[in-house]
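Scroll down for the structure; my scribbles are underneath it.
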2 protein chains.
Amino acid sequence: MSKKKTVLIVDDHPLFREGLKSLLAGHSGFEVVGEAGTGREALLKAEELRPDLVVMDLSLPDQSGIDVTRSIRGLLSETRIMMLSMHSKIDYITEAFQVGATGYVVKESASERLIECLETVSRGEYFIDASLSHQVAKNLMESGEKAAKITDAGYGLLTSREQQVMRLIAEGLATKKIAEKLFISPKTVENHRTNIMNKLDLHSAMELVRYAAKLGLIDVDLWKS
Amino acid sequence: MSKKKTVLIVDDHPLFREGLKSLLAGHSGFEVVGEAGTGREALLKAEELRPDLVVMDLSLPDQSGIDVTRSIRGLLSETRIMMLSMHSKIDYITEAFQVGATGYVVKESASERLIECLETVSRGEYFIDASLSHQVAKNLMESGEKAAKITDAGYGLLTSREQQVMRLIAEGLATKKIAEKLFISPKTVENHRTNIMNKLDLHSAMELVRYAAKLGLIDVDLWKS
DNA sequence: GCAGCAACGGGATTTTATCCCGGAGGCAGA
DNA sequence: TCTGCCTCCGGGATAAAATCCCGTTGCTGC
């Protein structure tokens, strides 16, 4: 490797930052030149250090990593940003790429994954954690500016309206509430739900929620806190 | 230092574990001999490796770090456990020490704090993160058994039968199935459910599932695979 | 124009939930 | 022992929701 890539670490947990630093210290290709614990700090450091890479946590105390990413990308077009998150919800991933992130890795991954991602991203290529559905990744690549659609064996069979209804059901909204939200009759919502369940071969509300969780339509981790 | 202290790391984020490992590798006093990502795994490794120290994350996918700590302390009286958490809530800290933890550090702390804690704990002394109020520490020592049952405000109100029914509901079983399983009338199951919802102030099946997920009655992570 | 599909919703029926009721049995205290 | 209290159990009446089958509208492609 010609020269080390400079890295800025942004995460609100100092311990995690230290860990990452130690980890990257063991790899000759990267050099951690700075770290930040808040979004504000991240922006200042990024502007000052102009790093090649930024490892960005999604959740920061003062603002979302999404916003920070957007800001940094606006300032430094050469700097590549790698998103690190606890969540694998499709919305987050989509958003991250839309604001200019080049990589996305979940914290559940092994460290090799992180290194791999950094190497890929430093070459300017996109990287999406392989533990995320391949379909998701594919769509993200293809869609470009558009919002990524989720495809699944069954989910693709649903019409857009049905997908919309399904999200609301999965989020736990009652039939009536969904009807109000969409300005349609509760009866229609029920019909949509029936169709959804037939197409996906589901037989209860709970199965639907699990299915949605598997696809990343909803983030069940949020329930735990 | 006479010889290295063996350390077992328990955290559900591989990246965080790697980071800790790298961090501790830079200190001659400790040697990471194993790691675990779940409570179950932690117990097995602890029994197998009999480490001097355990660095334990509070939140694990399958069960609480509190439970794991209790179990390990029951098995290995020589092993000291250091709690690592994102939360500085008094409840957690209290509980951690009550089940046999010897140290408590929040993830917001710097890495020096962690090392300091490990050194202190390995000598068998108690360590509480200085960023936590002194009052907290004081209260901890005094309170003893008093605040023992923190489990949950509402869940304790349920009778054992109701708790049993609640589990089954949370697992997604239909009313009818639950009735069959418990050899009672569907009507009775419905009555139990009504009582449960009243006592816990829940208003839909989904809320119940979320509540159950929060308490750890069910493992929503299993849905994702 | 017509076939096909999506979105919408009605009517009749069945299933489920809700609210209120009471009985059997265990258990603690007077 | 008797009395009150609570749990567990289930019934009956009623309200709500789901289910099944039906038709209308409107758009699209041939």
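All values reported here derive from a predicted model rather than from experimental measurement. Letters A, B, ... are given to chains in the order of the sequence lines, protein chains preceding strands, and every chain is numbered from 1.
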Atom pair OG1 (T79(A)) and CG (D52(A)), whose distance is rounded to the nearest 0.5 Å:
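So the OG1 of T79(A) and the CG of D52(A) are separated by 7.0 Å.
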
Once you round to the nearest 0.5 Å, how far does CE of M82(B) lie from CD1 of I9(B)?
10.0 Å

Base, sugar-phosphate, or nothing for T188(B), non-hydrogen atoms under 4.0 angstrom?
base

Would you mind classifying the nucleic acid contact of S185(B) as base, sugar-phosphate or nothing, using non-hydrogen atoms under 4.0 angstrom?
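Sugar-phosphate contact only.
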
Between [X] and [N], is there a contact of a side-chain N or O with OP1 or OP2 at under 4.0 Å?
X: T159(A); N: dA7(C); result: yes
X: T175(A); N: dA18(D); result: yes
X: R193(A); N: dT19(D); result: yes

Using whole Å, report how far [atom1] of [X] lies from [atom2] of [N].
X: Q163(A); N: dA6(C); atom1: CD; atom2: P; value: 12 Å
X: L202(B); N: dT18(C); atom1: CG; atom2: C1'; value: 16 Å
X: I196(B); N: dC9(D); atom1: CD1; atom2: P; value: 12 Å
X: F183(A); N: dA7(C); atom1: CZ; atom2: P; value: 18 Å
X: I178(A); N: dA7(C); atom1: CD1; atom2: P; value: 15 Å
X: H192(B); N: dG10(D); atom1: NE2; atom2: P; value: 8 Å
X: M197(A); N: dC20(D); atom1: CE; atom2: P; value: 11 Å
X: H203(B); N: dA17(C); atom1: NE2; atom2: C1'; value: 15 Å

Main-chain N/O of I218(A) paired with R167(A) side-chain donor or acceptor, under 3.5 Å
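Judged by distance alone, no pair lies under 3.5 Å.
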
Tell me which nucleotide among dC8(C), dG10(C), dG11(D) gets nearest to the side chain of N191(B).
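Nucleotide nearest to N191(B)'s side chain: dG11(D).
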
Among the candidates dC9(D), dA17(C), dC8(D), find the nucleotide nearest to the side-chain atoms of E190(B).
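Shortest atom-to-atom distance from the side chain points to dA17(C).
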
5'-most contact on DNA chain D: K187(B) or L182(B), nearest heavy atom basis?
L182(B)

Quick one, R161(A) and I184(A) - any side-chain contact, counting heavy atoms below 4.5 Å?
yes

Any side-chain heavy-atom pair from Y211(A) and D201(A) closer than 4.5 angstrom?
no

